[in-house]
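For reference, the structure is listed below as structure tokens.
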Amino acid sequence: MTILKKGVMPRVWRTIKRVCLYLFIAQLVYIIALRWVNPPCTVTMIASRLRLMGSGHSFHKAWVPYKSIAPDAKLAVMAGEDQLFPIHHGFDIKSIEKAWKHNQHSTHTRGASTISQQTAKNVFLWQGGGWFRKGLETYFTFMIEKLWGKERILEVYLNVAQMGKGIYGIEAAAEQYYGKHAKSLTGAQAAMIAACLPDPVDYTVKPPSRITLFRQHWILEQMNNLRGAPGIMALLKEK
């Protein structure tokens with residue numbers, strides 16, 4: 001029996017290591033491929049489809065290339081979600097520290113996720129908290145910052161982020177809310193859509209909730225403040 005254990009355990013351990021190596025290589029290839037290939041679906045989208053079944057609500061998703069997204073739509077999400085996006089390396093350390101201190105003394109938790117972190121979560125992971133998921137999010141955020149670049153991260157974010165109940169991506173949002181393509185969105189319309197991002201189900205766009213209207217006005221002010229910033233303007237140029 002002892003001899004059997006001695007023979008089996010090393011083989012099991014080698015198999016485990018081999019499987020882990022294959023999984024690591026597979027996820028690395030997938031991350032690199034997504035630099036050019038659009039993600040076909042996400043865990044969040046699949047869960048949303050299942051929740052909408054029998055609810056009377058439809059699922060809407062449409063991919064649109066970076067050059068076909070209005071500059072104001074790109075500016076609006078940066079203004080509302082991550083104003084340091086062009087210059088950080090995936091994480092806003094000061095915001096994380098502020099959120100941590102706030103959450104120590106408040107029942108209302110405050111997030112500090114950057115656009116890069118949200119993209120990593122939306123594409124590779126699932127919604128919800130937990131240290132394990134946060135750890136994976138940190139890894140994927142680091143990888144896409146290194147392998148994709150800012151423009152690709154922003155393009156993917158604008159195409160996979162939930163922007164309403166069963167609505168994913170800026171093109172689907174523009175079509176459902178305003179009957180137009182993402183390229184034709186005005187600043188006010190882009191700000192309204194960006195305003196719903198923290199809670200796209202409760203922060204309704206049509207009809208707009210009070211919090212959505214409040215955030216829209218704030219985002220428009222921030223958009224005006226950010227215009228002209230070199231890093232921001234570089235990302236707004238149509239390639």
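Keep in mind that what you see is a predicted model, and the values were worked out from it rather than measured. Heads up: numbering here begins at 1 and tracks the sequence.
- Atom CZ of Phe214 sits in a sparse spot, with 12 or fewer heavy atoms from other residues, nucleotides or ligands closer than 6.0 Å.
- Contacts classified as salt bridge (Lys or Arg N to Asp or Glu O under 4.0 Å) and involving residues 192-219 (residues at least two apart or in different chains) are given here: Glu81-Arg215.
- Atom-to-atom distance recorded for Thr42:OG1 and Asn159:CG is 11.5 Å, nearest 0.5 angstrom.
- Residues satisfying the salt bridge (charged side-chain N to carboxylate O under 4.0 Å, His left out) criterion with Arg227, sequence neighbours excluded, are Asp72.
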- Task: Determine, step by step, whether Arg18 and Leu21 satisfy the side-chain contact (heavy atoms from CB on, under 4.5 Å) criterion, reporting the C-alpha distance in whole Å, the side-chain angles of both residues, the deciding distance to 0.1 Å, and the verdict.
- Result: CA-CA 5 Å; Arg18 190 176 296 115; Leu21 177 62; 5.7 Å; no
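- No side-chain donor-acceptor contact under 3.5 Å links His60 and Glu175.
- Listed by first then second residue, pairs satisfying salt bridge (Lys or Arg N to Asp or Glu O under 4.0 Å) with a partner in residues 131-146 read Arg133-Glu137, Lys134-Glu137, Glu145-Lys150, not counting sequence neighbours.
- Cation-pi check for Lys165 over Phe59 is not met; the charged atom does not lie both under 6.0 angstrom from the ring centroid and within 45 degrees of its normal.
- Between Leu154 and Val77, some side-chain heavy-atom pair lies under the 4.5 Å cut-off.
- Between Val123 and Pro39, the shortest heavy-atom contact is CG1-CB, 4.3 Å.
- A donor-acceptor pair under 3.5 Å links the side-chain atoms of Glu171 to the main chain of Ala182, judged by distance alone.
- The structure places CE of Met45 at 13.5 Å from CG of Leu50, a figure rounded to the nearest 0.5 Å.
- Within the model, atoms NE2 of His89 and OG of Ser116 stand 11.0 Å from one another, a figure rounded to the nearest 0.5 Å.
- Cluster membership for Leu28 and Ile153, using ILVMFWY side-chain heavy atoms within less than 4.5 angstrom, is shared.
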After noting the C-alpha distance and the side-chain angles of Ile16 and Cys20, does the key distance pass the side-chain contact (heavy atoms from CB on, under 4.5 Å) rule?
CA-CA 6 Å; Ile16 292 173; Cys20 289; 4.2 Å; yes
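- Between the side chain of Lys74 and the backbone N or O of Tyr66 there is at least one donor-acceptor pair closer than 3.5 Å.
- For residues 48-58, no residue pair satisfies the salt bridge (Lys or Arg N to Asp or Glu O under 4.0 Å) rule, not counting sequence neighbours.
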Before giving the answer on side-chain contact (heavy atoms from CB on, under 4.5 Å), spell out for Met78 and Ile232 the whole-Å C-alpha distance, their side-chain angles and the decisive distance to 0.1 Å. CA-CA 8 Å; Met78 286 189 283; Ile232 295 287; 3.9 Å; yes
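- Side chain of Glu221 to backbone of Trp218: no donor-acceptor contact under 3.5 angstrom is found.
- Tyr168 and Ile46 fall into different hydrophobic clusters, defined by Ile, Leu, Val, Met, Phe, Trp and Tyr side-chain heavy atoms under 4.5 Å apart, directly or through other members.
- Residues Ile32 and Val160 share a hydrophobic cluster, clusters being chains of Ile/Leu/Val/Met/Phe/Trp/Tyr side chains in contact below 4.5 Å.
- Scanning both residues, Gly228 and Met233, for their nearest heavy atoms gives N-SD, 3.3 Å.
- In the hydrophobic clustering of this structure, Val156 groups with Leu147; members are Ile, Leu, Val, Met, Phe, Trp, Tyr whose side-chain heavy atoms approach within less than 4.5 Å, directly or through other members.
- Taken from OG1 in Thr141 to NZ in Lys121, the straight-line distance is 10.0 Å, to the nearest 0.5 Å.
- When all heavy atoms of Gly187 and Leu220 are compared, the closest pair comes out as O-CD2, 3.7 Å.
- Thr119 places a side-chain N or O within donor-acceptor distance of the main-chain N or O of Ile115, the cut-off being under 3.5 Å.
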Applying side-chain hydrogen bond (donor to acceptor under 3.5 Å, both in side chains), run through Tyr139 and Gln27 and close with a yes or a no.
CA-CA 11 Å; Tyr139 166 76; Gln27 63 82 30; 2.8 Å; yes
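- Note: the hydrophobic cluster containing Tyr177 also contains Leu52 (ILVMFWY, side chain heavy atoms under 4.5 Å, direct or indirect links).
- Put simply, CZ on Phe132 and CG on Leu125 are 8.5 Å apart, with the number rounded to the nearest 0.5 Å.
- Ring planes of Phe140 and Phe124: parallel class, angle under 30° (limits at 30 and 60°).
- By the 4.5 Å heavy-atom criterion applied to side chains, Trp63 and Ile170 are not counted as neighbours.
- Chaining together hydrophobic side chains whose heavy atoms lie under 4.5 Å apart leaves Val37 on its own.
- Side-chain contact of Gln118 with Tyr157: a donor-acceptor pair under 3.5 Å is present, judged by distance alone.
- Checking side-chain atoms of Ser68 against main-chain N and O of Lys183 turns up no donor-acceptor pair under 3.5 Å.
- Judged as a salt bridge (charged side-chain N to carboxylate O under 4.0 Å, His left out), and not counting sequence neighbours, the contacts of Arg152 are Glu155.
- Nearest heavy atoms, Ala73 versus Ala190: CA-CB, 3.6 Å.
- A pairwise comparison of heavy atoms in Pro86 and Gln83 identifies CD-O, 3.8 Å as the closest pair.
- With Thr114 contributing its side chain and Asp82 its backbone, the two residues share no donor-acceptor pair below 3.5 Å.
- Thr44 and Gln127 form a side-chain donor-acceptor contact under 3.5 Å, judged by distance and modelled atom types alone.
- Side chains of Tyr203 and Gln216: a donor-acceptor N/O pair is absent below 3.5 angstrom, by distance only.
- If you take OG on Ser48 and NE2 on His57, they are separated by 10.5 Å, rounding to the nearest 0.5 Å.
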Check the pair Val205, Tyr178 against side-chain contact (heavy atoms from CB on, under 4.5 Å), reporting the backbone distance first and the verdict last.
-> CA-CA 10 Å; Val205 173; Tyr178 302 111; 4.0 Å; yes
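- Between Ile31 and Met143, the shortest heavy-atom contact is CD1-CB, 4.0 Å.
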